[in-house]
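The next block holds one structure in the form of C-alpha coordinates; read it before the comments.
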There are 2 protein chains.
Amino acid sequence: MTAQPERKAQLIDATIQELGATGSLSVTVGQIAKRAGVSSALAFHYFGDKDRLFLAAMRHILAVYGAEVRAALKEAGSPRERLDGTIRASFSKTSFRHDVIAAWLNFYVLAHRSDEARRLLGVYHRRLHANLVHDLRPLAGSRAPEIARRLAALIDGLYLRFVHFPRDEAEDSASAHVLAALDAELKALP
Amino acid sequence: MTAQPERKAQLIDATIQELGATGSLSVTVGQIAKRAGVSSALAFHYFGDKDRLFLAAMRHILAVYGAEVRAALKEAGSPRERLDGTIRASFSKTSFRHDVIAAWLNFYVLAHRSDEARRLLGVYHRRLHANLVHDLRPLAGSRAPEIARRLAALIDGLYLRFVHFPRDEAEDSASAHVLAALDAELKALP
DNA sequence: GCACTGTTTGACTGGTCAATCAATAAATCT
DNA sequence: AGATTTATTGATTGACCAGTCAAACAGTGC
(Lines give C-alpha, C1' and ligand atoms only; values in the text may rest on other atoms or scores of the structure.)
Protein backbone atom coordinates (compact mmCIF):
# COMPACT_ATOMS: atom_id res chain seq x y z
CA MET A 1 0.00 0.00 0.00
CA THR A 2 2.92 2.34 0.55
CA ALA A 3 5.33 0.91 -2.05
CA GLN A 4 4.04 3.32 -4.69
CA PRO A 5 6.04 5.66 -6.85
CA GLU A 6 7.41 8.73 -5.13
CA ARG A 7 5.14 10.99 -7.14
CA LYS A 8 2.00 9.50 -5.72
CA ALA A 9 3.13 10.32 -2.21
CA GLN A 10 4.08 13.84 -3.30
CA LEU A 11 0.65 14.35 -4.78
CA ILE A 12 -1.06 13.06 -1.66
CA ASP A 13 0.96 15.41 0.54
CA ALA A 14 0.24 18.29 -1.77
CA THR A 15 -3.46 17.46 -1.69
CA ILE A 16 -3.56 17.68 2.08
CA GLN A 17 -1.55 20.88 2.15
CA GLU A 18 -3.62 22.53 -0.55
CA LEU A 19 -6.80 21.45 1.18
CA GLY A 20 -5.52 23.13 4.31
CA ALA A 21 -4.64 26.27 2.41
CA THR A 22 -7.99 26.77 0.69
CA GLY A 23 -10.20 24.93 3.17
CA SER A 24 -12.58 23.30 0.76
CA LEU A 25 -12.85 20.49 -1.71
CA SER A 26 -12.98 23.03 -4.48
CA VAL A 27 -9.21 23.01 -4.65
CA THR A 28 -8.22 22.40 -8.23
CA VAL A 29 -6.14 19.50 -9.40
CA GLY A 30 -3.96 22.08 -11.08
CA GLN A 31 -3.14 23.78 -7.78
CA ILE A 32 -2.36 20.46 -6.17
CA ALA A 33 -0.12 19.38 -9.02
CA LYS A 34 1.66 22.71 -9.00
CA ARG A 35 2.41 22.36 -5.31
CA ALA A 36 3.68 18.85 -5.94
CA GLY A 37 5.85 20.15 -8.76
CA VAL A 38 4.30 18.04 -11.48
CA SER A 39 1.74 18.52 -14.21
CA SER A 40 -1.93 18.09 -13.49
CA ALA A 41 -2.11 15.39 -16.13
CA LEU A 42 0.08 13.23 -13.95
CA ALA A 43 -2.38 13.43 -11.10
CA PHE A 44 -5.09 12.15 -13.38
CA HIS A 45 -2.79 9.45 -14.66
CA TYR A 46 -2.21 8.11 -11.16
CA PHE A 47 -5.54 8.67 -9.48
CA GLY A 48 -8.08 8.68 -12.29
CA ASP A 49 -10.10 11.57 -10.98
CA LYS A 50 -10.21 14.19 -8.30
CA ASP A 51 -12.35 12.23 -5.85
CA ARG A 52 -9.99 9.30 -5.80
CA LEU A 53 -7.06 11.63 -5.23
CA PHE A 54 -8.80 13.07 -2.22
CA LEU A 55 -9.74 9.65 -0.89
CA ALA A 56 -6.14 8.55 -1.17
CA ALA A 57 -5.16 11.57 0.89
CA MET A 58 -7.74 10.69 3.52
CA ARG A 59 -6.53 7.10 3.66
CA HIS A 60 -3.08 8.47 4.33
CA ILE A 61 -4.33 10.61 7.19
CA LEU A 62 -6.13 7.64 8.71
CA ALA A 63 -3.00 5.53 8.36
CA VAL A 64 -0.96 8.11 10.24
CA TYR A 65 -3.60 8.36 12.92
CA GLY A 66 -3.67 4.58 13.25
CA ALA A 67 0.08 4.52 13.68
CA GLU A 68 -0.12 7.12 16.42
CA VAL A 69 -2.70 5.10 18.28
CA ARG A 70 -0.61 1.97 17.99
CA ALA A 71 2.45 3.81 19.25
CA ALA A 72 0.54 5.16 22.24
CA LEU A 73 -0.80 1.71 23.10
CA LYS A 74 2.62 0.14 22.97
CA GLU A 75 3.78 2.20 25.93
CA ALA A 76 0.67 1.61 28.00
CA GLY A 77 0.24 -1.12 30.57
CA SER A 78 -3.06 -1.10 32.43
CA PRO A 79 -6.43 -0.79 30.68
CA ARG A 80 -6.75 2.64 32.13
CA GLU A 81 -3.40 3.70 30.68
CA ARG A 82 -4.36 2.22 27.33
CA LEU A 83 -7.63 4.15 27.29
CA ASP A 84 -5.68 7.28 28.08
CA GLY A 85 -3.38 6.53 25.15
CA THR A 86 -6.24 5.98 22.72
CA ILE A 87 -7.89 9.20 23.78
CA ARG A 88 -4.75 11.31 23.67
CA ALA A 89 -3.86 10.01 20.22
CA SER A 90 -7.20 11.31 18.99
CA PHE A 91 -6.24 14.78 20.14
CA SER A 92 -2.61 14.65 19.10
CA LYS A 93 -0.72 17.56 17.61
CA THR A 94 -1.07 15.90 14.23
CA SER A 95 -4.85 15.84 14.45
CA PHE A 96 -4.87 19.56 15.13
CA ARG A 97 -2.63 20.49 12.22
CA HIS A 98 -4.76 22.87 10.26
CA ASP A 99 -4.44 20.97 7.02
CA VAL A 100 -5.44 17.75 8.74
CA ILE A 101 -8.41 19.54 10.26
CA ALA A 102 -9.52 20.76 6.86
CA ALA A 103 -9.18 17.24 5.50
CA TRP A 104 -11.35 15.83 8.27
CA LEU A 105 -14.08 18.42 7.87
CA ASN A 106 -14.27 17.90 4.15
CA PHE A 107 -14.11 14.18 4.67
CA TYR A 108 -17.29 14.36 6.74
CA VAL A 109 -19.00 16.18 3.90
CA LEU A 110 -17.76 13.71 1.33
CA ALA A 111 -18.82 10.75 3.45
CA HIS A 112 -22.37 11.95 3.14
CA ARG A 113 -22.50 11.37 -0.60
CA SER A 114 -19.61 9.08 -1.51
CA ASP A 115 -19.94 5.40 -0.65
CA GLU A 116 -16.21 4.88 -0.57
CA ALA A 117 -15.71 7.81 1.78
CA ARG A 118 -18.43 6.51 4.09
CA ARG A 119 -16.86 3.08 4.06
CA LEU A 120 -13.57 4.64 5.07
CA LEU A 121 -15.23 6.58 7.85
CA GLY A 122 -16.76 3.33 9.05
CA VAL A 123 -13.32 1.81 9.29
CA TYR A 124 -12.23 4.63 11.55
CA HIS A 125 -15.34 4.27 13.68
CA ARG A 126 -14.95 0.54 14.12
CA ARG A 127 -11.27 0.81 14.94
CA LEU A 128 -11.84 3.42 17.63
CA HIS A 129 -14.79 1.48 19.03
CA ALA A 130 -12.86 -1.78 19.13
CA ASN A 131 -9.95 -0.15 20.93
CA LEU A 132 -12.20 1.43 23.52
CA VAL A 133 -14.24 -1.70 24.14
CA HIS A 134 -11.15 -3.83 24.49
CA ASP A 135 -9.87 -1.78 27.39
CA LEU A 136 -13.24 -0.93 28.88
CA ARG A 137 -14.19 -4.58 29.21
CA PRO A 138 -12.09 -5.21 32.33
CA LEU A 139 -13.46 -2.02 33.89
CA ALA A 140 -17.09 -2.04 32.84
CA GLY A 141 -17.89 -5.60 31.81
CA SER A 142 -20.99 -5.92 29.68
CA ARG A 143 -21.60 -2.19 29.72
CA ALA A 144 -18.34 -1.63 27.83
CA PRO A 145 -19.81 -1.34 24.31
CA GLU A 146 -22.43 1.16 25.36
CA ILE A 147 -19.94 3.33 27.18
CA ALA A 148 -17.47 3.05 24.30
CA ARG A 149 -20.09 4.40 21.92
CA ARG A 150 -20.54 7.46 24.07
CA LEU A 151 -16.84 8.07 24.56
CA ALA A 152 -16.22 7.77 20.82
CA ALA A 153 -18.95 10.27 20.04
CA LEU A 154 -17.63 12.55 22.76
CA ILE A 155 -14.19 12.44 21.19
CA ASP A 156 -15.58 13.44 17.79
CA GLY A 157 -17.75 16.15 19.28
CA LEU A 158 -14.94 17.67 21.33
CA TYR A 159 -12.65 17.53 18.32
CA LEU A 160 -15.17 19.50 16.30
CA ARG A 161 -15.45 22.12 18.98
CA PHE A 162 -11.73 22.61 19.52
CA VAL A 163 -11.24 22.70 15.79
CA HIS A 164 -13.49 25.68 15.39
CA PHE A 165 -12.62 27.40 18.66
CA PRO A 166 -9.02 26.47 19.40
CA ARG A 167 -7.28 26.92 22.72
CA ASP A 168 -3.67 26.49 23.63
CA GLU A 169 -4.39 23.56 25.90
CA ALA A 170 -6.78 21.87 23.50
CA GLU A 171 -4.86 18.62 23.61
CA ASP A 172 -4.94 18.35 27.40
CA SER A 173 -8.31 19.91 27.91
CA ALA A 174 -10.06 17.62 25.45
CA SER A 175 -8.38 14.52 26.87
CA ALA A 176 -9.29 15.59 30.40
CA HIS A 177 -12.94 15.94 29.41
CA VAL A 178 -13.09 12.46 27.96
CA LEU A 179 -11.35 10.99 30.99
CA ALA A 180 -13.77 12.80 33.28
CA ALA A 181 -16.67 11.31 31.37
CA LEU A 182 -15.04 7.91 31.64
CA ASP A 183 -14.63 8.26 35.38
CA ALA A 184 -18.23 9.31 35.77
CA GLU A 185 -19.43 6.33 33.74
CA LEU A 186 -17.34 3.94 35.80
CA LYS A 187 -18.30 5.44 39.13
CA ALA A 188 -21.96 5.23 38.21
CA LEU A 189 -21.73 1.58 37.35
CA PRO A 190 -24.21 -0.60 39.34
CA MET B 1 -35.38 40.20 9.41
CA THR B 2 -38.13 38.15 7.78
CA ALA B 3 -40.39 40.90 6.53
CA GLN B 4 -38.60 40.79 3.18
CA PRO B 5 -40.10 39.82 -0.16
CA GLU B 6 -41.33 36.28 -0.60
CA ARG B 7 -38.54 35.61 -3.07
CA LYS B 8 -35.87 35.74 -0.42
CA ALA B 9 -37.53 32.92 1.50
CA GLN B 10 -37.97 30.92 -1.69
CA LEU B 11 -34.29 31.28 -2.49
CA ILE B 12 -33.28 30.24 1.00
CA ASP B 13 -35.47 27.15 0.81
CA ALA B 14 -34.10 26.31 -2.60
CA THR B 15 -30.56 26.72 -1.31
CA ILE B 16 -31.14 24.18 1.43
CA GLN B 17 -32.85 21.75 -0.92
CA GLU B 18 -30.19 22.06 -3.59
CA LEU B 19 -27.51 21.64 -0.99
CA GLY B 20 -29.17 18.44 0.07
CA ALA B 21 -29.44 17.25 -3.50
CA THR B 22 -25.81 17.77 -4.46
CA GLY B 23 -24.26 17.51 -1.01
CA SER B 24 -21.62 20.16 -1.40
CA LEU B 25 -21.10 23.88 -1.40
CA SER B 26 -20.26 23.67 -5.09
CA VAL B 27 -23.93 24.01 -5.92
CA THR B 28 -24.28 26.82 -8.38
CA VAL B 29 -26.38 29.87 -7.88
CA GLY B 30 -27.97 29.00 -11.20
CA GLN B 31 -29.23 25.67 -9.93
CA ILE B 32 -30.57 27.26 -6.79
CA ALA B 33 -32.35 29.99 -8.71
CA LYS B 34 -33.80 27.48 -11.13
CA ARG B 35 -35.22 25.45 -8.26
CA ALA B 36 -36.68 28.62 -6.78
CA GLY B 37 -38.18 29.46 -10.16
CA VAL B 38 -36.36 32.74 -10.59
CA SER B 39 -33.33 33.99 -12.47
CA SER B 40 -29.90 33.73 -10.94
CA ALA B 41 -29.48 37.46 -11.21
CA LEU B 42 -32.23 37.86 -8.65
CA ALA B 43 -30.31 35.81 -6.14
CA PHE B 44 -27.36 38.14 -6.53
CA HIS B 45 -29.61 41.13 -6.29
CA TYR B 46 -30.93 40.03 -2.90
CA PHE B 47 -27.92 38.37 -1.33
CA GLY B 48 -24.90 39.95 -2.97
CA ASP B 49 -22.92 36.78 -3.38
CA LYS B 50 -23.07 33.06 -2.96
CA ASP B 51 -21.54 32.95 0.51
CA ARG B 52 -24.11 35.32 1.93
CA LEU B 53 -26.89 33.29 0.35
CA PHE B 54 -25.60 30.21 2.06
CA LEU B 55 -25.18 31.97 5.38
CA ALA B 56 -28.75 33.20 5.18
CA ALA B 57 -29.84 29.60 4.66
CA MET B 58 -27.86 28.52 7.68
CA ARG B 59 -29.34 31.28 9.80
CA HIS B 60 -32.73 30.00 8.79
CA ILE B 61 -31.88 26.48 9.86
CA LEU B 62 -30.61 27.73 13.20
CA ALA B 63 -33.77 29.78 13.66
CA VAL B 64 -35.93 26.72 13.08
CA TYR B 65 -33.81 24.71 15.46
CA GLY B 66 -34.08 27.44 18.07
CA ALA B 67 -37.84 27.46 17.71
CA GLU B 68 -37.98 23.70 18.21
CA VAL B 69 -35.94 23.99 21.38
CA ARG B 70 -38.17 26.73 22.71
CA ALA B 71 -41.27 24.69 21.94
CA ALA B 72 -39.84 21.66 23.72
CA LEU B 73 -38.95 23.74 26.76
CA LYS B 74 -42.39 25.28 26.99
CA GLU B 75 -43.92 21.89 27.76
CA ALA B 76 -41.31 20.89 30.30
CA GLY B 77 -41.55 21.41 34.03
CA SER B 78 -38.69 20.04 36.06
CA PRO B 79 -35.03 20.68 35.19
CA ARG B 80 -34.76 17.06 34.22
CA GLU B 81 -37.70 17.36 31.81
CA ARG B 82 -36.23 20.52 30.36
CA LEU B 83 -32.88 18.84 29.76
CA ASP B 84 -34.71 16.03 28.04
CA GLY B 85 -36.47 18.56 25.83
CA THR B 86 -33.26 20.34 24.88
CA ILE B 87 -31.63 17.07 23.99
CA ARG B 88 -34.53 15.68 21.99
CA ALA B 89 -34.82 18.88 20.01
CA SER B 90 -31.23 18.43 18.90
CA PHE B 91 -32.15 15.06 17.43
CA SER B 92 -35.51 16.04 16.03
CA LYS B 93 -36.86 14.81 12.72
CA THR B 94 -36.00 18.19 11.25
CA SER B 95 -32.35 17.88 12.18
CA PHE B 96 -32.19 14.55 10.39
CA ARG B 97 -33.76 15.77 7.17
CA HIS B 98 -31.11 14.99 4.62
CA ASP B 99 -30.94 18.51 3.28
CA VAL B 100 -30.56 19.90 6.78
CA ILE B 101 -27.81 17.38 7.39
CA ALA B 102 -25.98 18.48 4.27
CA ALA B 103 -26.31 22.08 5.35
CA TRP B 104 -24.81 21.34 8.77
CA LEU B 105 -21.88 19.38 7.37
CA ASN B 106 -21.04 22.09 4.90
CA PHE B 107 -21.56 24.68 7.59
CA TYR B 108 -18.82 23.05 9.64
CA VAL B 109 -16.48 23.29 6.68
CA LEU B 110 -17.39 26.89 6.04
CA ALA B 111 -16.96 27.81 9.70
CA HIS B 112 -13.34 26.82 9.40
CA ARG B 113 -12.54 29.59 6.95
CA SER B 114 -15.36 32.13 7.14
CA ASP B 115 -15.48 34.44 10.15
CA GLU B 116 -19.18 35.05 9.79
CA ALA B 117 -19.91 31.32 9.68
CA ARG B 118 -17.77 30.74 12.74
CA ARG B 119 -19.54 33.53 14.55
CA LEU B 120 -22.86 31.88 13.74
CA LEU B 121 -21.60 28.53 14.94
CA GLY B 122 -20.54 30.22 18.17
CA VAL B 123 -24.06 31.49 18.64
CA TYR B 124 -25.37 27.94 18.39
CA HIS B 125 -22.74 26.70 20.83
CA ARG B 126 -23.49 29.34 23.40
CA ARG B 127 -27.23 28.87 23.17
CA LEU B 128 -26.98 25.14 23.68
CA HIS B 129 -24.48 25.59 26.50
CA ALA B 130 -26.62 28.18 28.24
CA ASN B 131 -29.70 25.97 28.04
CA LEU B 132 -27.87 23.00 29.46
CA VAL B 133 -26.21 24.94 32.26
CA HIS B 134 -29.45 26.59 33.28
CA ASP B 135 -31.12 23.26 33.95
CA LEU B 136 -28.04 21.46 35.20
CA ARG B 137 -27.42 24.02 37.89
CA PRO B 138 -30.10 22.71 40.27
CA LEU B 139 -28.82 19.18 39.73
CA ALA B 140 -25.07 19.62 39.62
CA GLY B 141 -24.34 22.99 41.22
CA SER B 142 -20.90 24.36 40.40
CA ARG B 143 -20.07 21.39 38.20
CA ALA B 144 -22.87 22.32 35.81
CA PRO B 145 -20.75 24.19 33.23
CA GLU B 146 -18.21 21.42 32.96
CA ILE B 147 -20.85 18.74 32.51
CA ALA B 148 -22.75 20.91 30.05
CA ARG B 149 -19.65 21.18 27.91
CA ARG B 150 -19.41 17.41 27.71
CA LEU B 151 -23.07 16.89 27.00
CA ALA B 152 -22.99 19.48 24.23
CA ALA B 153 -20.00 17.82 22.60
CA LEU B 154 -21.65 14.45 23.00
CA ILE B 155 -24.73 15.74 21.21
CA ASP B 156 -22.65 16.97 18.29
CA GLY B 157 -20.63 13.78 18.13
CA LEU B 158 -23.65 11.53 18.22
CA TYR B 159 -25.36 13.64 15.59
CA LEU B 160 -22.36 13.24 13.33
CA ARG B 161 -22.41 9.48 13.75
CA PHE B 162 -26.12 9.01 13.17
CA VAL B 163 -25.91 11.28 10.18
CA HIS B 164 -23.43 9.05 8.44
CA PHE B 165 -24.77 5.75 9.68
CA PRO B 166 -28.49 6.24 10.14
CA ARG B 167 -30.78 3.93 12.04
CA ASP B 168 -34.52 3.93 12.33
CA GLU B 169 -34.45 4.76 15.99
CA ALA B 170 -31.77 7.42 15.67
CA GLU B 171 -33.89 10.01 17.42
CA ASP B 172 -34.54 7.86 20.49
CA SER B 173 -31.22 6.12 20.55
CA ALA B 174 -29.22 9.32 20.45
CA SER B 175 -31.34 10.96 23.13
CA ALA B 176 -31.05 7.88 25.32
CA HIS B 177 -27.27 7.98 25.05
CA VAL B 178 -27.10 11.59 26.14
CA LEU B 179 -29.47 10.96 29.02
CA ALA B 180 -27.42 7.97 30.10
CA ALA B 181 -24.31 10.13 30.12
CA LEU B 182 -26.19 12.73 32.12
CA ASP B 183 -27.28 10.14 34.68
CA ALA B 184 -23.74 8.85 35.00
CA GLU B 185 -22.39 12.36 35.54
CA LEU B 186 -24.99 13.09 38.20
CA LYS B 187 -24.58 9.80 39.99
CA ALA B 188 -20.82 10.28 40.10
CA LEU B 189 -21.13 13.69 41.68
CA PRO B 190 -19.22 14.01 45.01
C1' DG C 1 -51.08 59.68 -17.35
C1' DC C 2 -46.51 60.61 -15.28
C1' DA C 3 -42.70 60.14 -12.23
C1' DC C 4 -40.60 57.04 -9.11
C1' DT C 5 -39.19 52.91 -6.76
C1' DG C 6 -38.44 48.23 -6.23
C1' DT C 7 -38.52 43.76 -8.86
C1' DT C 8 -36.98 40.75 -12.31
C1' DT C 9 -34.77 39.14 -16.22
C1' DG C 10 -31.76 37.88 -20.57
C1' DA C 11 -27.66 38.41 -22.34
C1' DC C 12 -22.94 38.75 -21.57
C1' DT C 13 -18.07 38.36 -19.75
C1' DG C 14 -13.90 36.88 -18.14
C1' DG C 15 -12.35 33.36 -16.12
C1' DT C 16 -11.84 28.60 -14.40
C1' DC C 17 -11.54 23.70 -14.39
C1' DA C 18 -11.78 18.49 -14.92
C1' DA C 19 -10.54 15.46 -18.01
C1' DT C 20 -8.41 13.94 -22.54
C1' DC C 21 -4.88 13.18 -25.90
C1' DA C 22 -1.00 12.90 -28.61
C1' DA C 23 3.61 12.96 -28.03
C1' DT C 24 8.20 12.50 -25.72
C1' DA C 25 11.44 10.61 -22.48
C1' DA C 26 12.93 7.08 -19.45
C1' DA C 27 13.07 2.62 -17.75
C1' DT C 28 12.54 -2.43 -18.23
C1' DC C 29 12.46 -6.44 -20.55
C1' DT C 30 14.02 -10.10 -24.05
C1' DA D 1 19.64 -3.33 -29.67
C1' DG D 2 14.91 -3.46 -30.43
C1' DA D 3 10.40 -3.89 -28.32
C1' DT D 4 7.27 -2.82 -24.74
C1' DT D 5 5.75 -0.69 -20.91
C1' DT D 6 5.70 3.22 -17.70
C1' DA D 7 6.30 8.20 -16.51
C1' DT D 8 5.44 12.69 -17.77
C1' DT D 9 3.98 16.76 -20.02
C1' DG D 10 1.87 20.78 -22.99
C1' DA D 11 -1.81 21.87 -25.29
C1' DT D 12 -6.55 21.64 -25.82
C1' DT D 13 -11.50 21.11 -25.17
C1' DG D 14 -15.96 21.68 -23.81
C1' DA D 15 -18.57 22.86 -20.25
C1' DC D 16 -19.65 25.76 -16.62
C1' DC D 17 -20.04 29.55 -13.43
C1' DA D 18 -19.96 33.94 -10.35
C1' DG D 19 -21.05 38.19 -10.90
C1' DT D 20 -22.47 42.52 -13.90
C1' DC D 21 -25.53 45.47 -16.48
C1' DA D 22 -28.82 47.62 -18.92
C1' DA D 23 -33.29 47.26 -19.75
C1' DA D 24 -38.16 45.74 -19.11
C1' DC D 25 -41.87 45.40 -15.83
C1' DA D 26 -45.14 46.38 -12.03
C1' DG D 27 -46.91 48.86 -8.47
C1' DT D 28 -47.70 53.35 -5.88
C1' DG D 29 -48.48 58.00 -5.19
C1' DC D 30 -50.03 62.10 -7.30
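In this structure, the NE2 atom of A:His45 is 19 Å from the P atom of C:dA18, given to the nearest Å. Counting to the nearest Å, the C1' atom of C:dA18 and the CZ atom of A:Phe54 are 17 Å from each other. One atom, CG of A:Leu25, and another, C1' of C:dC17, lie 15 Å apart when rounded to the nearest Å. As rounded to whole Å, 6 Å separates atom P of D:dT9 from atom CG of A:Leu42. When the C1' atom of D:dT8 is taken as reference, atom NZ of A:Lys8 falls 15 Å away, rounded to whole Å.
With hydrogens and angles disregarded, a donor-acceptor distance shorter than 3.5 Å links the side chain of A:Gln31 to the backbone of A:Thr28. In terms of modelled atom types and a separation under 3.5 Å, the side chain of B:Asp84 and the main chain of B:Arg80 share no donor-acceptor contact.
Evaluation of the ring pair (Phe, Tyr, Trp, His ring centres under 6.0 Å) rule for B:Phe162 yields no partner, not counting sequence neighbours.
Under the 30°/60° scheme for interplanar angles, the aromatic rings of A:Phe91 and A:Phe96 are found to lie parallel.
A:Trp104 and A:Tyr124 have their aromatic ring centers within a separation under 6.0 angstrom. For B:Phe54 and B:Phe47, the ring centers sit 6.0 Å or farther from each other.
Side-chain nitrogen and oxygen atoms of B:Tyr46 include at least one within less than 4.0 Å of the OP1 or OP2 phosphate oxygen of C:dT8. A:Arg7 has no side-chain polar atom (N or O) that falls below the 4.0 Å cut-off from OP1 or OP2 of D:dA7.
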### Task
Take nucleotides 14-21 of chain D nucleotide by nucleotide from the 5' end and write B, S or -, depending on whether a protein heavy atom sits under 4.0 Å from the base, only from the sugar-phosphate, or from neither.
---SSBBB
